[in-house]
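These notes are about the structure you will find just below.
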Amino acid sequence: MIYINKNSLKKDYKRKFLEINGKELEDGTKEQQYEALGSLIRDYVAKEWLNTNNKYKETGEKQVYYFSMEFLLGRLLGSSLMNLGIRDICREALLELNIDLDELENLEQDQGLGNGGLGRLAACFLDSMASLNIPGHGCGIRYKYGFFEQKIIDGKQVELSDNWLRSGNVWEIQKRDKSEIVKFGGDVKMETIDGKLTFTQVNYESILAIPYDTPITGYENEVVNTLRLWSAEPVSNEFDFSSFSRGEFLKAIEYKNSVESISLVLYPEDSFYEGKILRLKQQYFFVSAGLQSIVRHYKKYNSNIYELDEKISIHINDTHPTLAIPELMRILLDEEKLSWEEAWRITQNTISYTNHTILAEALEKWPINMFKKILPRIYMIIHEINERHCKDLWNKYIGQWDKISRMAIIADGFVRMANLAIVGSHSVNGVAKLHTEILKKKEMSDFYYLYPNKFNNKTNGITHRRWLLKSNPDLANLLKETIGEGFIKHPMDLLNFEKYLSDNNVLGKLRNIKLNNKVKLSKEIYGSYGIKVDPNSIFDVQVKRIHAYKRQTLNCLRIMDLYNKLIENPNMDINPRTFIFAGKAAPGYILAKNTIELITSIANKINNDPIVKDKIKVIMMENYRVSLAEKIIPATDLSEQISTTTKEASGTSNMKFMMNGALTIATLDGANIEIKDEVKEENIVIFGLTANEVLDYHNNGGYSSWDIYNSDNRIKRIIDNLVDGTYSYDREKFRAIYDSLLKYNDEFFVLKDFDSYIRAQEIVNELYGNKLNWQRICGVNIAHSGIFSSDRTIKEYATGIWGSDVLYKNL
Ligand SMILES: *Cc1c(COP(=O)(O)O)cnc(C)c1O
């Protein structure tokens, strides 16, 4: 919250522009105008940032550090202005200078340092921590290239590099004086000094880690926390030209490139793990730099290293930062000279871990030989942790070798990161009730019975500031007019909106707001793709990473089925629908890329068929990212959350959609279950296998997709359509999808759930027929979305995991 009036803002802005560009505002480009505004806002933030840091030093409050390989922040200008409480006066000030604030906000490059839900969760958490006065900071990697930019060319995904720093980044501050050295490779020298066995790394390679800090502003509360991202550089960046022969000079450049490759690019895989050396280096790089800087800062203001766990919490977002456990041990043992027992107590108390997935293909494990070579000292420490852990297991589970080997940290030639994370932390949480139950009872049941008190649930959330206030201002205004502004600080107050849902006037306003948002999106679609869509049609939306378990194919198959029905019966009475897709496929994920081709081929066929032209349209929007999500979600009528039950740990776009007044069609997976419990059965449409049915098939078999293919004519026809030239002259084009459904027995139960999905879509159709009731349902969803604010989630983390009363004094 800063106090400034329109005229001073105008004056400051003009001065800033002149300072940066050496010319008058009117002569600048839009990009220069954006940059000057961003710099000015960062200046405004700087003072609160300093004050916040000084306050933390004075009070000695416990500090939380959220370690994550990904932070999917999106754009910062609009949200910073909003959090400072000056977005409206800034809009007015700029208008008087003939500048459109929205236009400048749209010029900002998304900060896209994440793949999807996991990275976006980290961003929502930073926002909630700052807004709840919690001293919580982010620690990650400053990738030079973020998540790739997706283009769709000839119906196929093409990946372009995301050079997001091309025109600089007004939000970050490089802190070269706070650099750290990270050590790779070499040997460990063991010697006895004063009767104590000590370990020293020798012959290692030093890499310089440079921090870049981004201010994270709280909502109108004068709190500014820090996101610290690390960038890799050679320790010495200077070349002595005279002493280099040509060969040496080139070698030096090669070396520089190899060092900088550590923070060069984000791995574009989501819920998939590949054991690449560079990825291991990335993980250790940011974890080591982050921990060294945290301990250094701690020691500057605290003399007693034994109290570190009372003053610091380190949270690891999935297993990617698990090396925080052995790295903190290394610092405490080798540098602080603590005993193993003391170091272990502090480490366990300091670290907590969130599990994000039960997909087997996402579980991280590193080959021992690779690991040892790159991180010899860290390997020794993990080895010792494992020895002690297994000794406990031997004593407890006498003779149960299978169980012990399942629970070991090092086994079968691999270091298993999830097991290390569980053993080395004091808290393990899942991200939705069902997910946590599966962790406890199935995936991690051995550990749950060993440490029942470590396991807990923290259902994910989203920041309602970005996903409602900022992205859907008209809806936010209607809420303010009806229930008042209280919900901004207390999102559970949204429940009060339910009272207004018997007021047809309010329902009419809801309808107009949605229609308006749909008109805006329609214009965007027309502008980008030249396709006219009808804002009065149902906007039926599935936007998320393209992945077999998320079942974009199921969505495709029912569109194909509907198309077949419409061709047979062009006068069929349906509500017109616009099917909107967006999402990126990992570059090496053939099936997912094939799914994009299927979507675009269906779109091509349907959008050009005059028989169905006023009834259905299919749109694949390019380059899904936070800023695009902010445009699509407020314009959505129907939210598609159709993952194979048990596979989606939580989902978070499901929450964004309901908060913006969409009806959800969903399987009973992840947080969909909790959404259903909140809004009640009649305000959501549920279909598909239950978790127990899926688990039963997994355990006992008994599913045959061929049987379904042979017994259901609709299904036979659409599956045949995949390879009969209906959607492509090249009949082999969708072979990968065809095979996954039949030859490989449909691992994700697409055909099994098809009939139930079609019937659920018919229910949606009927519901849409009653306009007032539809609006009421949308209103109920909005009213019940408060519990899915990440403010609720973060309060639960603060009280239940980070556990310090300082943390929640203000809650
Ligand atoms: C919220 C969000 C996600 C997560 O979507 P799910 O449907 O929960 O997988 C992914 N990408 C972006 C850009 C998001 O904003």
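For ligands, and for the atoms within them, numbers begin at 1 and follow the listed sequence.
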Value for NZ (K276) from CD (E269), rounded to nearest 0.5 Å, stands at 7.5 Å
Residues 520-527 side chain polar contacts: donor-acceptor under 3.5 Å, at least two apart:
| unit_1 | atom_1 | unit_2 | atom_2 | d |
| --- | --- | --- | --- | --- |
| S522 | OG | K518 | O | 2.6 |

So Y589 and F272, ring-ring contact (aromatic ring centres under 6.0 Å, His included) or not? Walk me through it. CA-CA 10 Å; Y589 191 175; F272 184 81; 7.3 Å; no
List the steps and the verdict of salt bridge (Lys or Arg N to Asp or Glu O under 4.0 Å) for E630 and R466. CA-CA 8 Å; E630 287 177 53; R466 178 176 294 265; 2.9 Å; yes
When you check the side-chain N and O atoms of R625 and Q111, is any donor under 3.5 Å from an acceptor? no
Just checking, is any N or O donor in the side chain of T459 or N457 under 3.5 Å from an acceptor N or O on the other one? yes
In a simple table, one pair per line, please give the protein and ligand 1 atom names for every N or O pair closer than 3.5 Å, along with the distance.
| unit_1 | atom_1 | unit_2 | atom_2 | d |
| --- | --- | --- | --- | --- |
| ligand 1 | 7 (O) | K544 | NZ | 2.7 |
| ligand 1 | 7 (O) | S653 | OG | 2.6 |
| ligand 1 | 8 (O) | T652 | N | 2.8 |
| ligand 1 | 8 (O) | S653 | N | 3.1 |
| ligand 1 | 9 (O) | K550 | NZ | 2.7 |
| ligand 1 | 15 (O) | K656 | NZ | 2.7 |

